[in-house]
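Bear in mind the structure is a predicted one, so any value in this text is a computation, not a measurement. Below, each value reflects all heavy atoms present in this structure, side chains not excepted, and no hydrogens, waters or symmetry copies. Along the sequence shown, residues are numbered consecutively beginning with 1.
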Amino acid sequence: MTDTTLRDVIVLGAGPAGSAAAFTAARAGLRVALIDRHRHPREKLCGGGFTGRSYRYFHEVFGEEIAPDLIETHTAVELHAHGHALGVLEDIPPIHLAMRRTLDADMCRRALEAGAEDVTGQRITGIDPAAPSVALADGRVLHARVLIGADGVNSEVARTLFGQPFDRRHVGFGLEVEAPPAADNPDAPVRIDFGVVRYGYGWHFPKAVSSTVGVGGILSRNPAMKQAMASYVAEIGRGADVKVKGQFLPAGDFRRVPGAGRVLLAGDAAGLVDPFTGEGIALAMKSGQLAAEATVAALAHSHPDDALPRYRVALRPMHNDLRQAILLRKLVYARPMQRAIVAAFKRPSGRLRRLTFELLGGEIEYGDLSRAALRRLPGLLLRR
């Protein structure tokens with residue numbers, strides 16, 4: 001049964017990227033349908049790191065600061081690298097933690113209140129990128145002038161366009177448990193362990209309602225990730241009896257052309273995840289907003305085919321940052337550099353580690369950190 005109403009935009013996926021896109025398009029006066037197979041609230045495998053960059057982008061997208069009850073803020077981090085304890089770094093730029101169940105529900109609510117049509121709780125059965133249109137399990141077929149695919153790392157939209165949602169040679173993978181909260185969680189620092197897996201790290205995010213423990217790195221370089229996860233859980237001492245869940249992480253495998261025709265990809269579906277930190281929420285929100293703004297501008301001129309070219313231009317700064325992050329990841333995780341990096345992070349001055357957390361806090365960008373790392377590279381090599 002074809003739904004004869006022509007939407008301006010169909011957004012597939014009601015996570016941070018999709019909700020930001022739907023909110024932005026609906027607020028601009030477009031007729032928007034927001035589709036997701038789940039209804040909110042729903043569970044989502046994610047550490048829930050909500051950095052200063054996420055905090056800033058949330059305000060830029062939704063026009064107000066995130067509600068305090070959706071995040072927990074930490075200003076200390078316990079660092080480990082390649083088996084060495086590097087101490088606790090106090091008074092870092094705030095690192096916020098969120099539960100995706102409540103965070104995503106809040107953003108979806110905002111999109112629907114802005115005027116997006118609620119098509120959540122609907123499984124899709126087909127996508128026609130040429131129309132573009134989306135077929136639903138209830139028999140309806142929805143048509144739009146532009147389709148924004150924000151349906152995650154296993155994106156059906158990306159699969160339809162390119163034959164596969166990601167390249168397994170470059171994709172990351174994460175394993176995680178949500179353990180019961182420990183008594184010391186309110187005061188415990190965030191813990192980061194670089195080198196627990198190759199080209200990746202382990203984490204413990206202490207929250208009021210849970211202890212999130214996980215490891216993540218490049219899949220092709222970690223054939224024994226399950227064993228690494230088991231060892232890390234044992235070391236942390238939390239979550240030994242909790243079921244481990246896994247998910248692909250498109251960190252470092254972003255699509256240079258995020259779509260085709262009148263179909264745009266945003267968030268994880270476009271591979272927009274920080275390859276150094278694994279952060280995805282910030283780039284998801286921002287790319288969703290940029291995809292919607294490009295669509296609004298294209299439809300204002302009655303040229304829906306212009307949405308993708310406009311979106312590509314808007315994404316250039318983000319793509320440039322990701323390229324620098326990929327280079328930095330290669331430097332930091334290269335075996336010959338491990339002892340030098342550990343020594344640099346151990347020093348009391350700790351300028352390099354301070355810059356790293358200023359990056360996480362959104363106070364500097366990758367260009368700033370890359371320039372600082374390159375200035376220190378000769379000294380690191382000499383000390384090695």
Side-chain angles (χ1 to χ4, degrees), residues 2-36 56-64 107-120 124 127-134 140-151 155 157-158 160-161 254-267 269-270 272 282-320:
T2 299
D3 187 324
T4 57
T5 302
L6 178 65
R7 281 82 176 171
D8 294 307
V9 189
I10 291 174
V11 178
L12 185 52
S19 293
F23 175 87
T24 302
R27 281 287 294 268
L30 299 189
R31 185 186 293 269
V32 182
L34 179 59
I35 304 174
D36 197 290
R56 186 173 77 247
Y57 285 168
F58 187 96
H59 185 273
E60 290 177 7
V61 172
F62 297 108
E64 57 185 70
M107 286 189 276
C108 181
R109 173 189 61 79
R110 292 171 183 273
L112 299 180
E113 289 179 354
E117 177 186 355
D118 187 356
V119 197
T120 60
I124 66 167
I127 299 169
D128 180 356
S133 64
V134 176
R140 287 182 293 163
V141 179
L142 275 56
H143 290 260
R145 301 164 76 187
V146 174
L147 168 64
I148 297 176
D151 49 338
S155 170
V157 179
T160 300
L161 292 177
F254 67 92
R255 291 192 179 276
R256 275 61 178 174
V257 182
R262 289 185 284 143
V263 180
L264 285 58
L265 298 173
L272 297 173
L283 302 188
M285 288 189 293
K286 193 62 179 177
S287 62
Q289 180 190 33
L290 295 176
E293 288 176 345
T295 300
V296 170
L299 296 185
H301 294 87
S302 300
H303 291 295
D305 290 327
D306 287 349
L308 181 57
R310 289 174 181 270
Y311 181 42
R312 291 185 65 187
V313 171
L315 280 179
R316 282 176 184 168
M318 189 181 294
H319 282 177
N320 288 338

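Residues forming a side chain to side chain donor-acceptor pair (under 3.5 Å) with T120 (at least two apart in sequence, or on another chain): R39, D118. Partners of Y57 under the ring pair (Phe, Tyr, Trp, His ring centres under 6.0 Å) rule, at least two apart in sequence or in another chain, do not exist in this structure. In this structure S133 satisfies the side chain to side chain contact (heavy atoms under 4.5 Å, CB included) test together with D128, A131, V141, H143, sequence neighbours excluded. Every residue two or more places apart in sequence or in another chain was checked for a salt bridge (Lys or Arg N to Asp or Glu O under 4.0 Å) with R255, and none qualifies. Judged as a ring pair (Phe, Tyr, Trp, His ring centres under 6.0 Å), and not counting sequence neighbours, Y311 has no contacts. Legend: residues meeting side chain to side chain contact (heavy atoms under 4.5 Å, CB included) with A144, ordered by chain and number and at least two apart, are R7, I10. Applying the salt bridge (Lys or Arg N to Asp or Glu O under 4.0 Å) test to R145 and every residue at least two apart in sequence or in another chain returns D8. The side chain to side chain contact (heavy atoms under 4.5 Å, CB included) check on H303 picks up H301, D306, with sequence neighbours excluded. Applying the side chain to side chain contact (heavy atoms under 4.5 Å, CB included) criterion to R316, with sequence neighbours excluded, gives V313.
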Name each donor-acceptor pair under 3.5 Å that joins a side chain in residues 15-31 to protein atoms two or more places apart or in another chain, with its distance.
{"residue": "S19", "atom": "OG", "partner": "A14", "partner atom": "O", "Å": "3.3"}
{"residue": "S19", "atom": "OG", "partner": "G15", "partner atom": "O", "Å": "3.1"}
{"residue": "S19", "atom": "OG", "partner": "C108", "partner atom": "N", "Å": "3.4"}
{"residue": "T24", "atom": "OG1", "partner": "A20", "partner atom": "O", "Å": "2.8"}

### Message
Between V119 and R140, is the side chain to side chain contact (heavy atoms under 4.5 Å, CB included) condition met? List the steps.
### Response
CA-CA 11 Å; V119 197; R140 287 182 293 163; 3.9 Å; yes

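Here the CG-CZ distance, from L290 to R312, works out to 14.5 Å after rounding to the nearest 0.5 Å. We find the CD1-CD1 distance between I124 and I35 to be 7.5 Å, quoted to the nearest 0.5 Å. The line from CG of L34 to CG of L12 is 9.0 Å long, rounded to the nearest 0.5 Å.
Pairs passing the salt bridge (charged side-chain N to carboxylate O under 4.0 Å, His left out) check and including a residue from residues 285-297, sequence neighbours excluded, read E60-K286.
Closest heavy-atom contact between P304 and L299: CB-CD2, 3.7 Å. Looking at every heavy atom in both residues, D305 comes nearest to R262 through OD1-CG, 3.0 Å. Minimum heavy-atom separation, S287 to L272: CB-CD1, 3.4 Å. Heavy-atom minimum distance, P129 versus L161: CB-CD2, 3.7 Å. Between A270 and P258, the closest heavy-atom pair is CB-CB, 4.2 Å. Closest approach of L265 and S155 over heavy atoms only: CD2-OG, 4.3 Å.
Note that R56 lies outside the cation-pi zone of F58, set by a 6.0 Å cut-off to the ring centre and a 45° limit from the axis.
Tested against P132 for a side-chain contact (heavy atoms from CB on, under 4.5 Å), the candidates I127, V146, L147, T160 yield a single pass: L147.
Side-chain atoms of T295 come within 3.5 Å of backbone atoms of A291 as a donor-acceptor pair (strictly under, hydrogens ignored).
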